[in-house]
Amino acid sequence: MSTETAKMTNQEQEMVHLTINNIPLAVPKGTKIMQAAQELGIDIPHLCYHEDQRIKARCRLCSVEVVGKRRLLAACSTEVWEGMEVHTDTQIVRDTQVAILQLMLANHHKDCLSCPRNQNCDLQRLCSRFNIQHSSLPSVCKEEPRIVTNPAIVRDPSKCIRCGRCIRACKDVQGIAALTYAGRSSDIIVTTAYNKPMETTDCILCGQCSLVCPTGALVEKDDTEKVLDALQDPKKHVIVQVAPSVRVSLGDAFGMEPGAIVTGQMVTALHLLGFDKVFDTNFGADLTIMEEGSEFIERFTHKDQYQWPMFTSCCPGWVRFVKSQYPELTDNLSTAKSPQQMFGAVAKSYFAEKVGIDPKRLFVVSIMPCVSKKSECALPTMKNDAGDPDVDVSITTRELNIMMRANHIEPKYLPEEEFDSPLGSATG
């Protein structure tokens with residue numbers, strides 16, 4: 001064992017003794033107060049902190065009192081030390097946290113009932129926790145329009161609390177840095193370079209920013225109304241394809257046992273919502289495998305005519321990443337469509353002919369695990385010869401969850417049904 005490794009091992013084994021709210025505990029050296037409190041089941045309020053991101057210490061909502069210190073310390077960024085005495089529930093701590101929330105609300109558009117994040121908003125939950133029903137400070141929130149030009153993500157600057165979570169997700173996790181801070185002091189905002197629309201930047205439309213946003217500043221585009229309108233249109237024959245992961249995440253959304261597979265109940269629910277046919281995206285995946293296999297053999301046997309090796313991904317965000325960040329590798333990408341798009345193309349050709357339906361009457365919906373599939377549907381290359389899109393609308397599991405709850409459909413109480421034929425059979 002090297003000296004450096006030995007030092008690291010000793011440091012990992014070194015324990016620090018402290019008390020939090022008069023409760024003693026010992027944690028490894030280097031632990032932050034926030035993490036130490038979690039060991040005791042103490043939830044210190046926070047907004048900018050995210051366990052998967054590096055420390056920002058911007059919002060200061062996690063301020064705590066430490067004996068011997070003249071000012072409050074940020075629990076997310078302060079390491080514990082031997083003999084430290086921390087208090088998370090004193091009057092000064094609570095007053096500070098309430099004041100911070102009041103300041104945020106004064107600069108926040110408070111239309112909670114119409115917000116997509118209603119009942120799933122960290123700021124809303126914290127205000128409820130501190131019994132803050134309205135801001136006691138005059139509003140300084142600027143009326144800014146929602147930016148809806150993006151096919152996948154909606155931006156609402158009036159809901160942004162400038163926590164920086166989206167910036168870190170875009171830069172540190174995805175390696176893109178499409179989002180950044182601009183301005184100074186009270187005029188600081190989160191935006192793109194030169195305030196360009198996200199779709200015109202290097203943004204790969206992956207949706208990771210909306211995943212970590214604690215409010216409604218960044219949310220997926222809600223296309224449920226398009227689907228509901230199509231279901232109510234007697235002239236349309238509406239079919240739906242479901243991605244494999246949805247049959248698990250849907251159960252999670254309805255509070256079923258983690259990992260529960262609700263395939264049969266999900267098919268029943270989709271029939272109850274009014275879909276004429278319910279199919280499996282795995283069928284499209286089988287087609288994609290065969291197409292990509294044929295393309296691989298062609299490229300492998302004629303290496304001198306192609307750029308090698310061949311890359312393939314059904315993720316449009318990954319494909320967009322390659323094209324924008326490594327354009328020299330674009331020719332390495334497979335030319336085959338993703339399972340979602342291949343399914344749509346087959347549905348509006350083979351399936352429409354098989355059942356005798358005019359392809360223009362056929363409305364194809366896909367239920368996918370991420371928002372990037374929305375942007376894929378909107379690509380000009382994903383249309384048939386008549387100029388119609390392969391897939392008309394792509395919604396996420398969350399949007400399906402909204403539709404089912406609005407129709408009082410609870411999957412755990414439903415009988416199981418099989419996918420419809422012929423596009424419901426697949427190897428998986």
With sequence neighbours left out, what residues match [X] under side chain to side chain contact (heavy atoms under 4.5 Å, CB included)?
X	answer
T88	I20, N21, I42, I44, V64, V86
N401	A253, F254, R405
A352	P359, L362
L137	Q102, L103, A106, S135

Step by step, would you call M104 with L123 a side-chain contact (heavy atoms from CB on, under 4.5 Å)? CA-CA 9 Å; M104 287 183 178; L123 179 60; 4.2 Å; yes

Check whether any side-chain heavy atom of [X] sits under 4.5 Å from a side-chain heavy atom of [Y], and report yes or no.
X	Y	value
L47	L126	yes
L273	L400	yes
M382	C377	no
V240	F279	no

List in chain and number order the residues that pass salt bridge (charged side-chain N to carboxylate O under 4.0 Å, His left out) with K226, two or more places apart in sequence or in another chain; answer none if no residue qualifies.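 Expected list: D223.
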
Salt bridge (charged side-chain N to carboxylate O under 4.0 Å, His left out) filter on E199, not counting sequence neighbours, yields none

Compute the centroid of each ring, for Y306 and then for F300, and state whether the two points are separated by less than 6.0 Å. no

Once side chain to side chain donor-acceptor pair (under 3.5 Å) is applied, what residue pairs with a partner in residues 358-367 remain, sequence neighbours excluded?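 The answer is Q340-S366, K360-D388, S366-S394.
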
With a 4.0 Å cut-off, would you call R165 and D122 a salt bridge? yes

Does K236 come within less than 4.0 Å of D392, counting only side-chain N to carboxylate O?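 No salt bridge links K236 with D392.
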
State whether a side-chain donor-acceptor pair under 3.5 Å links Q53 with K56. yes

Under the side-chain hydrogen bond (donor to acceptor under 3.5 Å, both in side chains) test, which residues partner [X], sequence neighbours left out?
X	answer
T301	none
S334	E295
R184	none

If you measure from NZ on K337 to OG1 on T381, what distance do you get to the nearest 0.5 Å? 7.5 Å

Would you mind writing out the side-chain donor-acceptor pairs for residues 309-318 within the sub-3.5 Å range, not counting sequence neighbours?
{"from": "T312", "atom 1": "OG1", "to": "E292", "atom 2": "OE1", "distance (Å)": "3.2"}
{"from": "T312", "atom 1": "OG1", "to": "E292", "atom 2": "OE2", "distance (Å)": "2.3"}
{"from": "S313", "atom 1": "OG", "to": "C315", "atom 2": "N", "distance (Å)": "3.0"}

Report, one line per pair, each donor and acceptor closer than 3.5 Å where one atom sits in a side chain of residues 407-418; sequence neighbours left out.
{"from": "N407", "atom 1": "ND2", "to": "M403", "atom 2": "O", "distance (Å)": "2.8"}
{"from": "E417", "atom 1": "OE1", "to": "H271", "atom 2": "ND1", "distance (Å)": "2.6"}

